[in-house]
Enquirer: 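Structure incoming, see below.
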Amino acid sequence: MGNLRKTLTKLPHLITFEAVCRNENFTRAAEALGITRVSVSRQIAELEEQLGVRLFHRSHRKVVLTQPGRMLEAEVCPALHQIAGALNNVSAVSGRTRLTVTTTSAFSTYWLMPRLVNFNNLHPEIELNLVVSDRMLDLAAESVDVAIRYARTPPPWDNVTRLLRERIFPVVSPKYIARTKLATPEDLLSENLLHLSGIYRPGARWPNWFRLNGLNAPPEASGVVMNTYINMLQAAIAGQGIALAGYPLVDTYLADGSLRKLTGFLEHDRDYFYLIDTTKNRKDARMFCDWILAETDTH
């Protein structure tokens, strides 16, 4: 055991092993770690080959620890968390305040980043580590202190505060050349629509909006399909089409005239943005959360 470098050749594999134990599923472990499911499967197979034992019973939806797997989990998982805690403690003792905050790319770009200069001016002693990701990060595993999450229901944490509710409606740029008077929902059937694809749920998309208006949506192929909210909004600002967007992300653009809301059209309330403080009443996290809440009060 004297040469740890030779003994712990599979240390990254043990971190993957811990994630699989916690999630009981290769796919969810991959999402938490930000790697592919194939990588998780390969690392577990390599770890099993090195140890000469099978660590998991595999099924389609779930993996279950074998007896050797349970023995390894009992020793390794607490040790990894102890190491992570030691690193955090040493960092805190160094006197350098570093607060890890995560949110989505759209919320960061359109709501948080324009306001962060105010926080930095108020609290220059707090160093922010902003992690922007549209993946549902494992906050504990990735040592996230504060998160702003968009969800249907409050995330399963002790300290969760509801911030803002999204409300979407058709928006258009003054640069857009309309084919109709843009007076009724039927008019939009003849316009160039900007569609969201990929991870976005049906409630954010045109087919749902048209359904709420009692209409059949035009096919996506008749418009422009975007795989990120940011790309869609930039295309709308450039006058390439009409988008479904709204409060709270596009208020700045509505205020400066880059976009305008089509008046008289259906506005659809969706999910909430939630503020999560994962720390145990840490001062810098509390200060950041208080600032966020004050910003939403003045919104």
Side-chain angles (χ1 to χ4, degrees), residues 31-32 97-123 126-169 171 196 199-205 208-209 228-230 232-233 243-256 258-259 261 266-299:
E31 291 171 352
T97 304
R98 187 176 180 85
L99 184 70
T100 299
V101 178
T102 187
T103 187
T104 64
S105 57
F107 193 89
S108 172
T109 300
Y110 298 120
W111 197 92
L112 183 59
M113 289 300 292
R115 293 170 168 81
L116 267 186
V117 64
N118 297 331
F119 180 79
N120 292 332
N121 289 336
L122 288 170
H123 303 289
I126 299 179
E127 179 184 350
L128 286 182
N129 174 33
L130 185 59
V131 180
V132 178
S133 176
D134 291 328
R135 234 177 1 99
M136 193 66 78
L137 300 180
D138 185 320
L139 303 183
E142 304 199 32
S143 300
V144 172
D145 303 311
V146 176
I148 299 171
R149 285 250 166 106
Y150 181 71
R152 292 175 180 168
T153 57
W157 286 83
D158 292 335
N159 195 351
V160 177
T161 306
R162 194 168 70 184
L163 283 180
L164 302 162
R165 189 174 192 180
E166 184 187 32
R167 185 188 316 120
I168 60 174
F169 37 77
V171 295
L196 275 175
I199 64 173
Y200 300 94
R201 297 199 297 270
R205 304 187 188 192
N208 181 65
W209 187 86
T228 72
Y229 189 95
I230 291 176
M232 181 196 71
L233 210 55
L244 269 181
Y247 172 83
L249 299 185
V250 300
D251 287 7
T252 301
Y253 297 106
L254 295 174
D256 67 17
S258 300
L259 293 171
K261 178 169 64 172
L266 177 79
E267 298 184 17
H268 175 40
D269 286 329
R270 298 199 63 236
D271 298 341
Y272 288 91
F273 291 94
Y274 291 93
L275 178 66
I276 307 166
D277 181 356
T278 72
T279 71
K280 296 186 181 300
N281 202 31
R282 214 173 87 183
K283 182 179 179 181
D284 55 352
R286 189 172 67 252
M287 292 166 71
F288 182 81
C289 290
D290 287 346
W291 172 77
I292 287 282
L293 292 170
E295 287 293 315
T296 58
D297 284 342
T298 58
H299 182 77

Enquirer: In a check of side chain to side chain contact (heavy atoms under 4.5 Å, CB included) between T278 and each of T100, D158, L139, which one passes?
Expert: L139
Enquirer: Could you give the distance from CZ (R115) to OH (Y110), rounded to the nearest 0.5 Å?
Expert: 14.0 Å
Enquirer: How far apart are the closest heavy atoms of R152 and Y274, and which atoms are they?
Expert: O-OH, 3.9 Å
Enquirer: With D145 as reference, evaluate R282, K280, R98 under the salt bridge (Lys or Arg N to Asp or Glu O under 4.0 Å) test and give the passing residue.
Expert: R282
Enquirer: What distance do T102 atom OG1 and M136 atom CE have between them, rounded to the nearest 0.5 Å?
Expert: 10.0 Å
Enquirer: Rounded at 0.5 Å granularity, tell me how far CG in D284 sits from CG in L99.
Expert: 4.5 Å
Enquirer: List the atom of A245, the atom of M232, and the distance in Å for their closest heavy-atom pair.
Expert: CB-CE, 4.4 Å
Enquirer: Would you say that E142 contacts V131 through its side chain, given a criterion of any heavy-atom pair below 4.5 Å between the two side chains?
Expert: no
Enquirer: Show the numbers, then the answer: is there a side-chain contact (heavy atoms from CB on, under 4.5 Å) between T109 and L249?
Expert: CA-CA 9 Å; T109 300; L249 299 185; over 6 Å; no
Enquirer: Locate the shortest heavy-atom distance separating V146 from V144; write the atom from each residue and the value.
Expert: O-CG1, 3.3 Å
Enquirer: Apply the test side-chain contact (heavy atoms from CB on, under 4.5 Å) to residues R149 and L137: give CA-CA distance (whole Å), side-chain angles for both, the deciding distance (0.1 Å), then the verdict.
Expert: CA-CA 10 Å; R149 285 250 166 106; L137 300 180; 3.9 Å; yes
Enquirer: Please tell me if the side chains of N159 and T279 come closer than 4.5 Å, counting only heavy atoms from C-beta onward.
Expert: no
Enquirer: CG of D277 to OG1 of T161: how many Å apart, nearest 0.5 Å?
Expert: 8.5 Å
Enquirer: Where the side chain of W291 meets the backbone of N118, is there a donor-acceptor pair that is under 3.5 Å apart?
Expert: no
Enquirer: Please report the C-alpha distance between F288 and L128 in whole Å, then the side-chain angles of each, then the deciding distance to 0.1 Å, and finally whether the side-chain contact (heavy atoms from CB on, under 4.5 Å) criterion is met.
Expert: CA-CA 10 Å; F288 182 81; L128 286 182; 4.0 Å; yes
Enquirer: Check whether any side-chain heavy atom of R205 sits under 4.5 Å from a side-chain heavy atom of L244, and report yes or no.
Expert: no
Enquirer: Does any non-hydrogen side-chain atom of N208 lie less than 4.5 Å from one of H268?
Expert: yes
Enquirer: Using the ring of each side chain (for Trp, its six-membered ring), is F107 parallel, tilted or perpendicular to F273, with breaks at 30° and 60°?
Expert: tilted
Enquirer: Does R135 CZ have over 12 foreign heavy atoms under 6.0 Å away?
Expert: yes
Enquirer: Is there a side-chain contact between Y247 and L254 (heavy atoms, below 4.5 Å)?
Expert: no
Enquirer: Under 4.5 Å between any side-chain heavy atoms of W111 and T296, yes or no?
Expert: yes
Enquirer: Measure the spacing between CG of D290 and CZ of F119 and express it to the nearest 0.5 Å.
Expert: 10.0 Å
Enquirer: Taking side chain as C-beta onward, heavy atoms only, is T104 less than 4.5 Å from I148?
Expert: no
Enquirer: Looking only at side-chain N and O atoms, does D134 offer a donor or acceptor that is under 3.5 Å from a partner on S105?
Expert: yes
Enquirer: In Å, rounded to the nearest 0.5 Å, how long is the span from OG1 of T153 to CZ of R162?
Expert: 12.0 Å
Enquirer: Grab the two heavy atoms, one from T103 and one from S108, that are nearest each other, plus how far apart they are.
Expert: CG2-CB, 3.7 Å
Enquirer: So do the side chains of L196 and Y229 get within less than 4.5 Å of each other, counting heavy atoms only?
Expert: yes
